[in-house]
Amino acid sequence: MYAGHVALATLAKARRPRISIALLVPVAFAPDWIEWVLNGFGNENRMWSHSLVSVAIGSCVVALLYWAATRQPGDAVVVAITYLSHWGADFITGIKPTWPGGPWVGLMLYDHAVGDVIVECGLIVLCWLAYRRSLPAVSRGRAIALLVPLGLIAMQIGFAAIQNPTLG
Ligand SMILES: [Zn+2]
């Protein structure tokens, strides 16, 4: 999942407007970043980035850091849930490790490129509507605000087309 992670970050932002979106987006992508960094060091074991164990530890670490910096326990919990949402979202589209020696699970929607686009775009629209509702009325009508979900949807279709040339 790609754009869906951004959508989940905006949903967290809608629920907890105090938390910076500049923090929520990287947190929503954290397992992918860990994976890229580890790949850079030649470690391709996704257990370190995408297993249930690693996201449980990672989400606790970011929540503790956030709480230490802000003393807002409710917001810290939402930061942790944003991190955990990465696993849930990836579960729908791909296949993910659980724990060392445990099974790999997932719905592997990437095999169905159109289904993947529909799920991710649906997620983007739903999260965007929730986010928009959290904005003050004056900024809701701005055309620029619509560019964000449209850009995410374009990005998602672009990714799908790269992964599955028959779609593009
Ligand atoms: Zn991922």
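Just so you know, these numbers come straight off a predicted model, no measurement behind them. In what follows, residues are counted from 1 in the order of the sequence shown. One-based numbering, in listed order, for ligands and for the atoms of each.
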* Can you say whether the rings of His5 and His86 are parallel (under 30°), tilted (30 to 60°) or perpendicular (over 60°)? -> parallel

* To do: Flag this pair as yes if the NZ/CZ of Arg132 is under 6.0 angstrom from the six-membered ring centre of Trp128 and inside a 45 degree cone about the axis; otherwise no.
  => no

* Structure fact -> Protein-side N, O or S atoms sitting under 2.8 Å from the Zn ion (ligand 1) are Asp32 OD1, His50 NE2, His86 NE2, Asp90 OD2

* Set of salt bridge (charged side-chain N to carboxylate O under 4.0 Å, His left out) partners for Lys13, sequence neighbours left out -> none

* Asked: Is any side-chain heavy atom of Met47 less than 4.5 Å from a side-chain heavy atom of Trp99?
  -> no

* To do: Report yes if some heavy atom in the side chain of Asp32 is under 4.5 Å from a heavy atom in the side chain of His50; otherwise report no.
  => yes

* Please answer whether the main-chain N or O of Pro103 pairs with a side-chain N or O of Thr98 as donor and acceptor at a distance below 3.5 Å. => yes

